[in-house]
Amino acid sequence: MKLRFAPSPTGFLHVGGARTAIFNLLHARRHGGTMLLRIEDTDVERSRQHHAEQIVASLQWLGVEWDEGPVYQSDRLARYRERAEELVVSGKAYRCTCTVEELEEERAVAEKAGKQWRYSGRCRLVRPAESGASYVIRFAVDAGPIAFHDLIRGDVHFEGELIDDFVLLRSDGYPTYHLSVVVDDIDMAITHVARGDDHLSNTPKHILLFRAFGAGEPVFAHLPLILGSDKKRLSKRSGATSAEEYRDMGIVPQALFNFLSLLGWSPGGDREIFSKEEASAVFDLSDVNKAPAIFDVEKLLWMNAQYLQRMPAEEIYPHLRPFIGDRELAAVRDLINLYKMRARTLKELADQIAVYFVDDVDYEAEAVKKHVKGDDLADSMRALHAALAAAEPFDVAATEAALRALAAQRGLGAAKLIHPLRLALTGKGASPGIFDVAAVLGKEKVLRRLARFIERLPDLSPSGPSSTPR
RNA sequence: GGCGCAUUCGUCUAGGGGUCCAGGACGCCGCCCUCUCACGGCGGUAACACGGGUUCGAAUCCCGUAUGCGCUACCA
């Protein structure tokens with residue numbers, strides 16, 4: 001068994017393409033088959049080498065590994081011409097000298113008359129004389145029903161009459177998609193073709209070609225499309241569309257892989273969080289749903305949070321690195337552990353961690369308003385500063401004991417000290433457990449931040465510094 | 001327009017004639033935990049597109065309708 005993922009390098013790796021790649025990989029792994037990566041760059045107008053490289057990089061990042069390739073179709077041009085000529089010799093294809101202009105004119109006339117246009121087959125009947133004129137090679141389509149069994153769609157039927165003599169080889173000598181896929185799928189011994197639903201209507205053409213070449217047909221599986229929240233094909237308008245954008249957003253590759261796997265497929269039961277290996281053990285293309293799925297970013301974010309929560313800091317670190325500059329693992333390990341269940345993305349995680357490295361924290365206005373009040377706050381904070389300075393060792397237990405003892409001594413609820421302390425240390429109204437924060441920050445930073453907070457207190461008070469009679 | 005395909009909570013899905021007045025997850029809403037925020041736990045909200053068949057019995061099978069999407073290029 002052999003499958004392939006065959007993107008055309010006209011842009012970044014689209015999440016729809018990413019899912020197609022994943023399903024191909026999963027099916028191959030499940031059945032002990034191999035996986036080929038083929039770059040379909042026969043459209044010189046739109047293909048770009050950097051896009052091909054980008055797609056390869058995205059697949060690697062995502063964890064879609066292939067066994068063969070990447071093979072570039074642009075390296076196989078001679079082969080496509082050769083095979084097209086074979087069909088001309090055997091009479092299954094013919095040269096057509098009709099120009100694009102002529103055809104467009106015909107089409108315009110037909111459309112004006114309200115009729116749908118199909119190529120007349122003029123050059124098929126009247127073989128053009130050998131001349132220097134440029135030509136395309138068209139396939140001579142035979143009328144008659146074409147049926148095939150799709151692993152996902154079931155039995156699908158088409159009428160040959162409705163397919164016109166499509167172009168195999170363009171006038172510039174480049175093959176069209178139909179020619180290159182079929183030639184390659186034959187030469188590369190592909191047994192299963194799993195691709196987007198947009199190719200379902202092209203399949204009869206391909207079947208005709210497989211037959212013309214005397215080759216057996218592969219098994220087809222047409223995957224339902226991934227739609228945006230507007231129920232249209234996922235596009236820029238409805239959100240991020242490329243794997244790369246999700247990476248830059250701070251999505252971990254395992255989470256995107258898992259999420260994409262769940263679009264149109266389910267391992268059965270109530271399982272939602274699973275690894276590539278687990279999916280590889282049970283996946284089968286025939287279990288894929290027929291209906292298109294809408295890409296729900298909210299659920300992706302939830303899933304990413306699930307992954308962050310479960311991953312050890314050491315595993316998160318390499319993915320987080322691009323978001324936190326050059327900071328070393330040792331400097332952020334404890335922070336990752338403190339914040340990983342509070343962030344949905346690596347970006348959020350990085351933002352939260354950033355406060356620990358600034359010289360002076362900014363105090364959130366809302367938190368200030370809520371917690372900076374009471375005439376004796378400065379006094380309490382000074383006492384807290386002294387109590388923490390005496391805490392030894394400076395760990396979670398000791399700092400907590402020190403604060404609670406002080407609260408009891410002053411007849412205050414511990415919260416009355418905790419919230420201002422949080423504001424002093426993080427500048428925010430919300431954070432992980434304050435004693436965890438203190439322990440991670442370390443005695444020196446805690447005392448410095450607390451001292452600065454006390455200093456700034458007059459400016460932060462609701463009455464303002466000037467109106468404070470002192 | 002023609003051809004093709006699809007249709008279970010707002011979204012992802014389970015389910016393939018009786019166990020389904022439809023299960024899980026995201027989201028949303030409550031409650032609990034608690035120094036805050038998260039995490040976690042508990043509970044709630046919400047769906048078989050519509051109409052005809054077949055059958056003792058249909059979300060499940062058949063036919064229509066509607067809606068949506070795809071293809072209809074010398075793009076893939």
Side-chain angles (χ1 to χ4, degrees), chain A residues 6-10 40-43 45-47 96 98-100 103-104 107 111 114-119 134-138 150 152-154 156-159 161-164 166-178 180-181 195-204 222 224-225 227 229 231-233 259 262-266 268-273 289-303 305-306 309 338-344 352 367 370-371 400 403-404 407 413-419 421-423 426 428-435:
Chain A
S8 67
T10 53
E40 312 221 317
D41 55 347
T42 56
D43 181 355
E45 295 282 312
R46 301 195 304 150
S47 296
C96 168
C98 299
T99 64
V100 176
L103 297 177
E104 244 151 42
R107 188 172 330 179
E111 262 166 29
K115 283 188 268 187
Q116 75 143 2
W117 179 85
R118 281 172 47 213
Y119 177 60
S134 76
Y135 62 89
V136 300
I137 293 181
R138 284 180 185 275
D150 188 283
I152 294 171
R153 299 314 165 94
V156 186
H157 308 266
F158 287 92
E159 291 303 323
E161 283 83 352
L162 271 15
I163 304 170
D164 62 359
F166 56 94
V167 173
L168 296 177
L169 201 71
R170 299 182 246 184
S171 52
D172 61 5
Y174 279 82
T176 61
Y177 168 71
H178 307 301
S180 57
V181 245
R195 72 233 300 194
D197 186 47
D198 43 348
H199 287 305
L200 187 61
S201 308
N202 287 327
T203 305
H222 287 92
L225 260 22
L227 274 26
S229 45
K231 297 199 181 213
K232 296 248 159 65
R233 199 175 176 149
F259 176 75
L262 237 22
L263 253 33
W265 180 75
S266 148
D270 296 337
R271 302 210 55 194
E272 292 215 292
I273 306 286
N289 286 165
K290 302 174 198 198
I294 292 172
F295 191 101
D296 181 11
V297 186
E298 281 298 319
K299 187 153 184 176
L300 203 214
L301 290 172
W302 166 80
M303 188 166 283
Q306 292 293 311
Q309 248 178 78
L338 227 41
Y339 279 95
K340 65 182 192 178
M341 74 283 285
R342 275 165 246 266
R344 296 201 297 177
Q352 288 168 321
K370 198 165 172 191
H371 299 298
E400 176 156 16
L403 182 141
R404 288 195 190 277
K416 287 272 184 267
L417 297 178
I418 287 174
H419 293 301
L421 177 59
R422 168 171 294 114
L423 185 57
T426 68
K428 299 181 194 308
S431 83
I434 194 61
F435 306 109

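These numbers were taken from a predicted model, which means no experiment stands behind them. Side-chain atoms are counted along with the backbone in the values below, which use heavy atoms only and exclude waters and symmetry mates. Order of the sequence lines sets the chain letters (A, B, ...), proteins ahead of strands, with each chain counted from 1.
Annotation: ring pair (Phe, Tyr, Trp, His ring centres under 6.0 Å) contacts of Phe158(A) (sequence neighbours excluded): none. Evaluation of the salt bridge (Lys or Arg N to Asp or Glu O under 4.0 Å) rule for Asp43(A) yields Arg46(A) as partners, not counting sequence neighbours. Remark: Arg153(A) engages Asp197(A) in a salt bridge (Lys or Arg N to Asp or Glu O under 4.0 Å) (not counting sequence neighbours). Taking Tyr174(A) as the reference, nothing meets the ring pair (Phe, Tyr, Trp, His ring centres under 6.0 Å) condition, with sequence neighbours excluded. Scanning for ring pair (Phe, Tyr, Trp, His ring centres under 6.0 Å) contacts around His371(A) gives His419(A), with sequence neighbours left out.
Using P as the reference atom, rG53(B) and rC12(B) are 32 Å apart when rounded to the nearest Å. Rounded to whole Å, the P atom of rG41(B) lies 29 Å from the corresponding atom of rC48(B). Here the separation of rC42(B) from rA49(B), taken at their P atoms, is 31 Å to the nearest Å. Comparing the same atom, C1', in rG23(B) and in rA14(B) gives a spacing of 6 Å after rounding to whole Å. Nucleotides rA46(B) and rG24(B) have their P atoms positioned 14 Å apart, rounded to a whole Å. Separation of the C1' atoms belonging to rC62(B) and rU19(B) is 25 Å when rounded to the nearest angstrom. Rounded to whole Å, the C1' atom of rU45(B) lies 25 Å from the corresponding atom of rC50(B). Taking atom C1' in both rC63(B) and rC75(B), the straight-line distance is 38 Å, to the nearest Å.
The nucleotide rU19(B) finds no pairing partner, because no Watson-Crick or G-U wobble arrangement with both distances shorter than 3.5 Å includes it. Using Watson-Crick or G-U wobble geometry with both donor-acceptor distances under 3.5 Å, rG70(B) finds its partner in rC3(B). Under the Watson-Crick or G-U wobble criterion, with both distances below 3.5 Å, rC33(B) has no partner in any strand shown. Nucleotide rA38(B) has no partner under the Watson-Crick or G-U criteria, as no pair reaches both atom distances under 3.5 Å.
Looking only at distances, a side-chain donor or acceptor of Asp150(A) sits under 3.5 Å from a matching main-chain atom of His222(A).
Nucleotide rG16(B) is shown with a syn base, its glycosidic torsion being within 90° of 0.
Comparing Leu225(A) and Gly433(A) by the nucleotide of RNA chain B that holds the closest heavy atom to each, the one mapping nearer the 5' end is Gly433(A).
Nucleotides of RNA chain B with any atom under 4.0 Å from a heavy atom of chain A span, from 5' to 3', rG1(B) to rA76(B).
Between Arg342(A) and Gln352(A) the shortest heavy-atom distance is O-NE2, 3.6 Å.
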